[in-house]
There are 2 protein chains.
Amino acid sequence: MTEAPTGAAASRASIVDVAQRAGVSVATVSRALRDMPNVSKATRDRVLRAAQELQYAASPLASGLVTGRVRSVGVVLPYAGRWFFAEVIRGIEEALRDHGYDLVLHVVSDAQRRADFFESLPVRRRVDAILVVALPLEDHERDILRGLGLPLAAVAEPIKGLHGEFVDNDATARLAVQHLVNLGHTRIASIGGDLHGPERFSVPGLRTGGFRAAMAEAGLTVRPEWEVDGRFTAAGGELAMTALLSQKGGRPTGVFCQSDEMAFGALKALRRSGLRVPEDVSLVGVDDHELSDVFDVTTIAQPVVAQGAAAARWVVSRLERTADPDAPDDEVCLHPVRLVLRGSTGPAPTEH
Amino acid sequence: MTEAPTGAAASRASIVDVAQRAGVSVATVSRALRDMPNVSKATRDRVLRAAQELQYAASPLASGLVTGRVRSVGVVLPYAGRWFFAEVIRGIEEALRDHGYDLVLHVVSDAQRRADFFESLPVRRRVDAILVVALPLEDHERDILRGLGLPLAAVAEPIKGLHGEFVDNDATARLAVQHLVNLGHTRIASIGGDLHGPERFSVPGLRTGGFRAAMAEAGLTVRPEWEVDGRFTAAGGELAMTALLSQKGGRPTGVFCQSDEMAFGALKALRRSGLRVPEDVSLVGVDDHELSDVFDVTTIAQPVVAQGAAAARWVVSRLERTADPDAPDDEVCLHPVRLVLRGSTGPAPTEH
DNA sequence: CTGTTAGCGCCTTCAC
DNA sequence: GTGAAGGCGCTAACAG
């Protein structure tokens with residue numbers, strides 16, 4: 001029964017206790033523990049030992065109160081359960097932890113929570129910086145965040161005026177289309193996201209733009225009815241593919257799915273229709289989802305964990321002033337994408 | 001250009017400013033804002049309006065320093081990218097947010113990080129409670145956490161002496177096996193996790209135990225070589241299924257996959273071998289993963305989000321003293337599982 | 001190199 | 001019903 005008391009006492013030992021035990025003043029303890037200059041080696045050792053024995057750790061509350069820093073970073077995102085977000089969070093957490101920062105999660109999964117977040121600003125005074133993941137902010141929302149006076153960075157969705165870490169969505173789409181074109185496909189469709197809805201994600205627009213540009217460059221025409229909304233979910237992809245197959249005027253032989261999860265759904269719709277992949281229809285996804293390998297889906301891989309980690313490192317460098325304080329804070333960093341060849345794409349079927 | 005200054009000023013208004021503006025003392029402001037008794041209606045309204053006008057919000061640091069509460073809960077887990085964990089986190093975050101608590105994430109993805117976590121205890125004084133998700137703690141690790149004197153709860157993996165939220169893993173396995181038995185299967189294999197490794201997860205052991213018990217009850221024999229390790233990943237499931245198929249002595253007609261992700265892998269292995277599901281081999285998974293519907297995998301569904309949310313609510317009720325303070329803190333709460341019938345299971349093939 | 005002292009912003013007795 | 005004052009635990013001048 002000594003564990004609990006010891007531990008409990010430990011978390012309650014204050015800087016005064018350490019000072020007494022080491023026979024120095026609290027100021028010296030504070031300096032010694034933070035590796036500041038002007039502390040003799042002997043004193044420092046004594047303090048360190050005392051702190052060790054008392055299991056002392058400075059209260060972040062107290063030090064935060066005076067320094068204004070709390071060593072934690074807020075992460076705001078619209079969903080938490082989806083693969084993409086989980087991976088981004090993983091990258092952010094690891095990078096922050098490496099620098100001794102905590103990650104505080106804020107999921108604004110619907111309009112209500114989103115409004116609450118920007119009105120009550122639960123991050124106020126609780127974080128040193130904010131990362132906005134895949135959430136296209138309204139101008140006024142961005143301004144509210146800016147009013148906090150903290151380093152801000154965007155991941156996956158660009159936010160005007162903020163530092164950002166993304167992939168080149170235009171190039172991503174082009175890579176996918178060019179791959180299909182190279183295989184001889186000419187009848188190519190795109191399964192993307194909502195282009196006009198209230199959420200205003202820019203990713204579907206950018207990828208669809210790249211799709212159109214690449215088609216034009218290849219001298220191919222885009223059928224408007226072959227640009228369908230798959231809502232970036234597997235279920236949505238299945239519906240979208242089903243819709244494509246039910247259209248008159250023949251079906252596409254190649255489909256650019258703007259996310260792997262939509263490709264999974266499309267795969268199911270094709271199988272159910274008795275069509276073979278890739279003999280009848282080829283599918284390219286985007287992401288390199290962990291299950292894409294299992295389901296043999298050709299994809300444009302993007303470094304998801306790395307984007308999160310890079311954003312985390314950027315705000316940390318701002319906070320630690322290791323970065324030039326006068327450096328622009330609205331530069332974006334583009335991460336590379338690459339084609340991962342798997343079994344869902346093949347030569348276009350010969351026409352009859 | 002009034003936005004930013006306003007915002008910046010807003011986050012800096014202190015209780016003194018509110019007191020001045022309302023023409024009362026800080027003590028009254030404090031009382032009024034926290035709905036305490038002994039404040040006249042008129043005064044309270046005046047204070048509320050002043051606070052509103054100044055966009056005042058109490059600094060959690062300062063109030064935490066005096067009350068000892070920081071309104072945040074730490075979540076410790078071994079992986080962050082996997083579906084299961086992402087869902088649990090989602091449930092926890094939502095429940096915590098409903099009560100005004102922040103979620104601070106701690107991923108201990110390897111032995112090093114795990115050791116660091118328990119040695120430096122970065123949660124010390126930074127959270128009011130800790131949730132341990134799917135992480136079987138060593139006794140001494142549990143004792144270290146207990147030493148913090150905070151409410152503790154376990155999710156998905158039982159931890160001796162702690163409150164927990166789980167499913168009945170034994171019943172889960174039985175349900176799966178009974179379903180196969182009901183379909184006439186007698187040659188049943190299990191793809192699970194590591195039973196003897198250093199990680200000591202109890203879930204694979206419990207599910208394998210349930211598998212064996214259900215087999216025995218059905219009068220069926222378990223072939224030792226038909227209990228294989230799929231590492232709880234899709235890739236592992238694929239390897240495991242491949243191994244099952246390459247064994248001499250015939251193949252199983254029914255396979256209990258202890259997670260849906262392993263079932264996905266198994267599905268791929270079967271397809272590649274030219275076997276049909278469910279005509280040749282039936283597959284049951286566990287989880288009801290979001291993609292199980294797309295890939296038509298019969299599964300034993302467990303409420304993942306609900307387990308996380310329940311754990312979060314439990315620690316909050318402890319913190320808010322809405323729960324009996326003398327109530328035992330090591331009771332476990334079992335969540336229901338249910339069979340979700342899909343296309344990966346069917347009648348056992350007739351023997352030749 | 002080290003100690004003293006004044007807050008950081010808030011809550012909480014204790015008087016009134 | 002309200003105000004004054006003393007910390008909570010720590011850091012940051014300022015002295016020495």
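As the structure is a prediction and not an experimental result, all values here were calculated from the model. Just so it is clear: chains get the letters A, B, ... in the order the sequence lines come, proteins before strands, and each one is counted from 1.
- Spacing between atom CG of B:Leu54 and atom P of C:dG9 amounts to 14 Å, rounded to whole angstrom units.
- Set against D:dG9, C:dC10, D:dT2, the side chain of A:Leu65 has D:dG9 as its closest nucleotide.
- Residue A:Arg34 is in sugar-phosphate contact alone, with no base atom involved, counting any heavy-atom pair closer than 4.0 Å across all strands shown.
- Although no hydrogens or angles enter the test, the distance criterion places no donor-acceptor pair under 3.5 Å between the side chain of B:Ser30 and the main chain of B:Val26.
- Regarding contacts with the backbone of C:dC8, every side-chain N or O of B:Ser14 stays at 4.0 angstrom or more from both OP1 and OP2.
- Looking at the side chain of B:Val66, the nearest of the listed nucleotides C:dT2, D:dG7, D:dC10 is D:dG7.
- Residues A:Gly308 and A:Ile92 approach most closely at O-CG1, 3.4 Å, considering heavy atoms.
- Taking the six-membered ring for Trp, B:His335 and B:Phe166 have ring centres at least 6.0 Å apart.
- Along DNA chain C, the nucleotide closest to A:Ser40 and the one closest to A:Val26 are compared, and the more 5′ of them pairs with A:Ser40.
- Residue-level contact check: A:Ala27 touches the bases, meaning some heavy atom is under 4.0 Å from a base atom.
- Rounded to an integer number of Å, the gap from B:Arg31 CZ to C:dG9 P is 21 Å.
- DNA chain D is contacted by both B:Arg46 and A:Ile15; B:Arg46 maps to the nucleotide lying nearer its 5′ end (nearest heavy atom per residue).
- Applying the 4.0 Å criterion to OP1 and OP2 of C:dC8, one finds that B:Ser59 has every side-chain N and O outside that range.
- When the P atom of D:dA12 is taken as reference, atom CG of A:Leu33 falls 14 Å away, rounded to whole Å.
- In this structure, OH of B:Tyr56 is placed 6 Å from P of C:dC11, rounded to the nearest angstrom.
- Considering only side-chain atoms of A:Ser25, the nucleotide from C:dC10, D:dG3, C:dT4 that sits closest is C:dT4.
- Contact annotation: B:Ser30 does not reach the phosphate of C:dC10 (side-chain N/O to OP1 or OP2, under 4.0 Å).
- Atom CG in A:Asp35 sits roughly 16 Å away from atom C1' in D:dT11 (whole-Å rounding).
- If you check D:dG9, D:dG1, C:dC10 against the side chain of B:Arg125, the one that comes closest is D:dG9.
- For the pair A:Lys41 NZ and C:dT2 P, the computed distance is 13 Å after rounding to whole Å.
- With respect to A:Arg126 and B:Asp102, a salt bridge is recorded, a charged nitrogen being found less than 4.0 Å from a carboxylate O.
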Checklist entry - Do B:Arg113 and A:Glu94 pass the salt bridge (charged side-chain N to carboxylate O under 4.0 Å, His left out) test, and can you show the C-alpha distance, the side-chain angles, and the key distance before you say yes or no? => result CA-CA 10 Å; B:Arg113 279 182 191 277; A:Glu94 179 156 6; 3.2 Å; yes
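- Considering only the side chain of B:Thr28, D:dT2 comes nearest among D:dA12, D:dT2, C:dC1.
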